[in-house]
Amino acid sequence: MPELPEVETVRRGLESAVVGRRICEVEVRGHRTVRRQTPAELKRRLTGRRFEAARRRGKFLLLGLDDGAVLVIHLRMSGQLLHVAGGAERPELAKHTHVLVSLDDGAQLRFVDPRTFGEWFVSCDIDGRGIPRELCHLGRDPFLEGLPASYLVPRLERRRASLKALLTDQRVVAGIGSIYADEICFRCSLRPDRPGGSLDSTEVTLLAGAVQTVLNEAIRSHGSSLTDLGYRDLEGDLGTYQESHCVYGRATEPCVRCGHPITRLKIGARSAYCCEWCQR
DNA sequence: AGCATCACCTGGCTGC
DNA sequence: TGCAGCCAGGTGATGC
């Protein structure tokens with residue numbers, strides 16, 4: 001569930017909490033979080049290193065190390081990073097804590113992930129832009145690089161796939177998931193099941209603008225925290241953008257624009273929420 | 001190449 | 001109340 005705004009909020013937390021800190025000890029407790037390399041290799045590559053930067057690409061967190069390698073973290077559905085300050089009273093480990101990183105200021109970085117889809121790995125293969133080779137398939141990150149309509153046009157034209165499928169395709173745009181895809185489609189009044197290739201140039205321009213607007217607003221609200229899988233930031237605080245959701249999870253409620261009820265569509269195996277009255 | 005479908009996983013919800 | 005069954009979701013693999 002964490003998408004670009006939530007991951008950006010966590011990144012900002014990491015920038016102030018762990019950049020400049022040295023890693024004293026790494027404990028991998030779950031057997032599924034580290035799967036591209038052995039836990040022993042991850043520990044070897046991290047222990048003794050210092051975090052030099054906290055970056056993000058799409059939904060991936062990138063923690064630069066002082067030897068040039070990068071710790072890559074993906075929260076997937078239910079992953080949560082928590083910063084626990086050093087000192088006397090340290091809270092007990094939450095259930096499903098899969099990775100523990102102890103830092104030289106006594107603090108701990110904890111990775112909690114009930115659904116175990118989240119992933120950690122260290123990449124040593126970094127391109128000129130600082131992006132690990134494993135992430136070279138990612139499309140443009142709209143918050144880092146902007147999203148001009150001219151970028152979207154060739155990626156939508158002649159495509160039969162739905163707008164929602166294309167917006168959540170990380171090779172097209174990096175960072176959008178189910179929640180923000182629905183909110184973006186509502187914002188520009190386009191149905192999420194419209195084939196990508198059916199948009200005219202005016203509609204693509206509206207879509208590109210809506211991507212930027214919705215993501216920027218959500219980042220300002222520190223992301224969305226839903227009741228299921230409550231997302232929290234690095235310090236355990238909730239985001240507030242769920243209060244501004246217009247369609248996601250609001251089936252049968254009146255549309256904030258026209259008052260007609262929001263409907264839930266099935267696009268592939270996933271649901272999509274929209275107002276069939278004012279989204280065309 | 002592009003598109004659809006499935007597997008992965010657990011907590012929470014629904015209905016019996 | 002207890003339990004079975006379903007749903008949610010991102011990504012990568014698989015199949016058409």
Can you check whether A:V34's main-chain N or O pairs, donor with acceptor, with A:E119's side chain at less than 3.5 Å? no

What contact category does A:R155 fall into here, base, sugar-phosphate, or nothing, at under 4.0 angstrom with non-hydrogen atoms? nothing

A:L152 versus A:L166: any side-chain heavy-atom pair under 4.5 Å? no

Does any non-hydrogen side-chain atom of A:R32 lie less than 4.5 Å from one of A:F117? yes

If you compare every side-chain N and O of A:S271 against the phosphate oxygens of C:dA8 (OP1, OP2), does one of them come in below 4.0 Å? yes

Could you tell me how far apart A:Q80 (CD) and B:dG11 (C1') are, to the nearest whole angstrom? 14 Å

Quick one: does A:E235's side chain have a donor or acceptor within less than 3.5 Å of a partner on A:G13's backbone? no

Distance check needed: B:dC13 C1' versus A:L226 CG, whole Å only. 15 Å

Kindly indicate whether a cation-pi arrangement holds for A:R21 with A:F51, taking the cut-offs as under 6.0 Å to the six-membered ring centre and within 45° of the axis. no

Value in whole Å for how far the P atom of B:dG12 lies from NZ of A:K95: 9 Å

Within the 4.0 Å limit for protein heavy atoms, which parts of nucleotides 10-16 of chain C are touched? Write it as a string from 5' to 3', B for base, S for sugar-phosphate only, - for none. BBS----

What is the distance, to the nearest angstrom, from the CZ atom on A:R159 to the C1' atom on B:dA4? 13 Å

Between B:dG11, C:dA8, B:dC8, which nucleotide has the shortest distance from any of its atoms to the side chain of A:R32? B:dC8

Which class fits the ring pair A:Y180 and A:H245: parallel under 30°, tilted 30 to 60°, perpendicular over 60°? perpendicular

Base, sugar-phosphate or nothing for A:K164? Non-hydrogen atoms, less than 4.0 Å. nothing

Between C:dA8, B:dC3, B:dT10, which nucleotide has the shortest distance from any of its atoms to the side chain of A:H96? B:dT10

For A:H31, does the NE2 atom have more than 12 heavy-atom neighbours from other residues, nucleotides or ligands under 6.0 Å away? no

Over how many whole Å does the gap from A:R115 atom CZ to B:dC9 atom C1' extend? 8 Å

Counting only side-chain nitrogens and oxygens, does A:K266 get under 4.0 Å of the OP1 or OP2 atom of C:dA8? yes

When the C1' atoms of the five terminal pairs at each end define the local axes, what inter-axis angle does the helix from B:dG2-C:dC16 to B:dC16-C:dG2 show, to 10 degrees? 50°

A:C185 backbone acceptor or donor facing A:S189 side chain under 3.5 Å: no

Would A:R155 pass as a cation-pi partner of A:Y151, given that its NZ or CZ must be under 6.0 Å from the six-membered ring centre and within 45 degrees of the axis? yes

